[in-house]
Amino acid sequence: MAKKSMRHECAKSLVELGAKYNEIIVLEGDLKESTQSIQFQQAYPERYIDCGIAEQNMVGVAAGLALAGKIPVVQSFACFISMRTCEQARTSVAYPRLNVKFVVSHGGISPGSAGTTHHAIEDIAIMRAIPNMAVLVPGDAEEAKQVLHAALAYEGPVYIRLSASDTKDIYTERDVFNIGRATLLREGNDACIITTGTMVAVGVEAADQLLQKGVKTRVIQMASIKPLDHGIIEQAAKETEAIVTVEEHNILGGLGGAVCEVVAETGGVRVKRIGIKDHFSDVGTATCLLNKEEITVQAIAKNVLGMLK
Amino acid sequence: MISPKIKELKHIAKQARKLMVETLICAGCGHPGGAFSSIDLMTALYFDIMKIDPHNPQWDERDRFILSKGHSSIGLYTILHLRGFMDKETLLTFRQDNSLLCGHPDMHKIAGVEMSTGSLGHGLSVGAGLAMVGKMDKKNYRVFVLMGDGETQEGSVWEAALFAAHHKLDNLVGIVDRNMLQIDGCTEDILALEPYRAKWETFGWHVEEIDGHNFKQIKETLERCPVSASRPTLILANTVKGKGISFMERNPAWHGGGLKGDQAEIALQETNAALVED
Ligand SMILES: Cc1ncc(C[n+]2csc(CCOP(=O)(O)OP(=O)(O)O)c2C)c(N)n1
């Protein structure tokens, strides 16, 4: 199966969108190759500001640009935007509901052996807790492109979390992403796997393996973490016997937390959260770390089977 | 005449550069540029200037070093190895699966790493905290914090600068690796720092400007620290990013990346040749 870099594909889309939205200004925090904002810089040098290694200022400036009618797209790593600039994002962007788009790369443990300082396993929880902030976590290059399009068509602050890892193609141009809507990738009423971000490929593969064992597993990709598709979760809670959530994030406060909040109020089903078990990582490539955390196809399938017993 | 100590430091720095090349080849990734620009400074600190004891890394009276530019970890790890804090096998596991040597240093994994770093602009504040306790508890240790020049674009650095001057932390020494480059280009093109020396001076720091590859200057200046009573000291070390590897020098493309193929060969040859000269 083809693998693509969602950062590169998304950056290409941003250049295209630059023609449609003259108000787009891209702000970068000295990581233009890593985020691939260099593509926009090359296409529109006059609408590009490399703010240097000063992220808090960058987000404040973005707020000012938005106040004056521009559409700032802020780029850096997920860890620095969600944590270093958290208060600027909350108080200067989300509170006045300014039209700032955060397009951050290196989400989750995708920076691998660069290490804990560069991992973002808290960002979904942090950004999700901020009122007015939409949080979108696409799973492949196509979904990332569609997420970006949707974010620009939407008025208000959006946090888009991309991965540094190359991803398998799951979606095609025929699929449609909408903010606030999850996508159903596999039907089934025995169990339900809910994924976000790059975990979609792992979730689909686990469901396909389970099917061979006769277990019909529904797969839902929740790229729109906020606003959340409550309906699809409530339905899964009613119609299936078990829900397993999978995310490249702490099991606290992210996708698993969001799903549990809904299920706790509707009732009906047990939820197992798969993710990073609330500790800082060891050293290793992204794949090594995912294996260590048991965020794998095998572990998901095992968890589903265990819950159906 | 070159003093024997300076000769020794030069030799150690050459050994360090060679080991860094070997380790970067093994790892296939890392951040060479800023490590090669600051390795001479780290060599002098660990082999001459700082009071430390590899057999007792937690010694209460030791001088403290914080690598605020945590991405230059390969430099720190190599020096810690040469100084007896870790063996070569460990060094060569840099950034590999299950290694203790993270891309950005983790203080709980390796003795001698005083603080976990990697997000820029944190170290000077932490150093100020350590220095503050030195004052409160009347300890004699000094605190050295190595920063990148690009790193000092972070506002937090200047909050720390204000704090340290306000509290007269003369036991705190900031060192800036002024190699003129950050990732996306020259600091003066991205977010200008100049007039740089004057900025630190107006913030109340005593500034010493040196050539960060000249051991005589490094030694003589760092030896005198704290230079000024009741003021923190800033060592403005002019350096060359990628120093010692011809194709890396002053080349922003070598901020990050592993060494492979022909370039690995050249880097090995150059660092070997430098050692043979001695
Ligand atoms: C807060 C933060 N923002 C961004 C980065 C990503 N980053 C790592 S190194 C670097 C450039 C550092 O430049 P400089 O401080 O001059 O270091 P040197 O050139 O000596 O390597 C950047 C932007 C980071 N580690 N931390």
Side-chain angles (χ1 to χ4, degrees), chain A residues 26-38 41 45 48-61 75-88 106 109 111-120 164 279-292, chain B residues 27-31 68-71 73 90 93-110 115-123 147-159 181-193 252-253 255-258:
Chain A
V26 173
L27 293 98
E28 172 59 73
D30 195 32
L31 288 163
K32 68 181 178 187
E33 300 264 4
S34 297
T35 63
Q36 276 296 302
S37 74
I38 187 170
Q41 181 187 35
Y48 183 87
I49 310 169
D50 196 327
C51 298
I53 313 170
E55 296 83 2
Q56 290 171 282
N57 176 63
M58 170 164 71
V59 173
V61 168
Q75 302 221 253
S76 177
F77 287 173
C79 56
F80 305 134
I81 294 301
S82 63
M83 292 182 270
R84 188 58 152 270
T85 80
C86 182
E87 201 203 356
Q88 276 80 5
H106 293 59
I109 48 80
S113 69
T116 304
T117 52
H118 286 52
H119 295 168
H279 60 88
F280 291 116
S281 65
D282 290 327
V283 180
T285 57
T287 311
C288 162
L289 298 177
L290 290 173
N291 286 337
K292 268 200 166 172
Chain B
C29 59
H31 292 89
S68 192
K69 47 178 302 214
H71 59 281
S73 59
T90 306
T93 65
F94 176 60
R95 285 188 77 147
Q96 287 171 19
D97 288 351
N98 304 314
S99 169
L100 297 170
L101 306 185
C102 195
H104 298 80
D106 177 341
M107 63 183 273
H108 291 302
K109 294 215 160 88
I110 290 292
M115 180 66 196
S116 303
T117 53
S119 175
L120 297 169
H122 289 230
M147 292 168 280
D149 49 1
E151 174 180 10
T152 66
Q153 291 166 347
E154 289 286 2
S156 54
V157 171
W158 301 98
E159 294 179 25
L181 292 175
Q182 50 193 106
I183 297 182
D184 288 350
C186 172
T187 58
E188 301 316 288
D189 297 332
I190 304 288
L191 189 60
L193 295 168
H255 175 82

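Chain A is the first sequence line, chain B the second, and so forth, proteins listed ahead of strands; every chain is numbered from 1.
Residues B:Leu191 and A:Ala54 approach most closely at CD2-CB, 4.3 Å, considering heavy atoms. Scanning both residues, A:Gly115 and B:Cys102, for their nearest heavy atoms gives CA-SG, 3.3 Å.
For chain B, the nearby part of A:Thr116 is the backbone; its heavy atoms alone come within less than 4.5 Å. For A:Asn57, no part lies under 4.5 angstrom from a heavy atom of chain B. Only the side chain of A:Thr117 comes within contact range of chain B, with at least one heavy atom under 4.5 Å from a heavy atom of that chain. Contacts of A:Ser281 with chain B are made by backbone atoms alone, with heavy-atom separations under 4.5 Å and no side-chain atom involved. Interface residue B:Thr117: only backbone heavy atoms are found under 4.5 Å from chain A. Within the 4.5 angstrom heavy-atom criterion, atoms from both the backbone and the side chain of A:Glu55 approach chain B. Heavy-atom distances place both the backbone and the side chain of B:Ile190 under 4.5 Å from chain A. Contacts between A:Ile49 and chain B at a heavy-atom distance below 4.5 Å are absent for every atom of the residue.
Scanning for ring pair (Phe, Tyr, Trp, His ring centres under 6.0 Å) contacts around A:His119 gives an empty result, with sequence neighbours left out. Considering only residues two or more places apart in sequence or on other chains, B:Thr152 meets the side chain to side chain donor-acceptor pair (under 3.5 Å) condition with B:Tyr196. Every residue meeting the side-chain contact (heavy atoms from CB on, under 4.5 Å) condition with A:Asp30, not counting sequence neighbours, appears here in chain and number order: A:Asp50, A:Ile53, B:Gln182, B:Ile183, B:Asp184.
Counting non-hydrogen atoms of neighbouring residues, nucleotides and ligands closer than 6.0 angstrom, the CD atom of A:Glu87 reaches no more than 12 such neighbours.
The interface of residues 77-86 of chain A with chain B, defined by heavy-atom distances below 4.5 Å, comprises A:Phe80, A:Arg84.
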Handout entry: Pair A:Thr285-B:Asp97, side-chain contact (heavy atoms from CB on, under 4.5 Å): steps then yes or no
Key = CA-CA 6 Å; A:Thr285 57; B:Asp97 288 351; 3.5 Å; yes
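Per-residue heavy-atom pair counts under 4.5 Å with chain B were compared for A:Leu31, A:Asp282, A:Val283, A:Leu289, and the maximum is reached by A:Val283.
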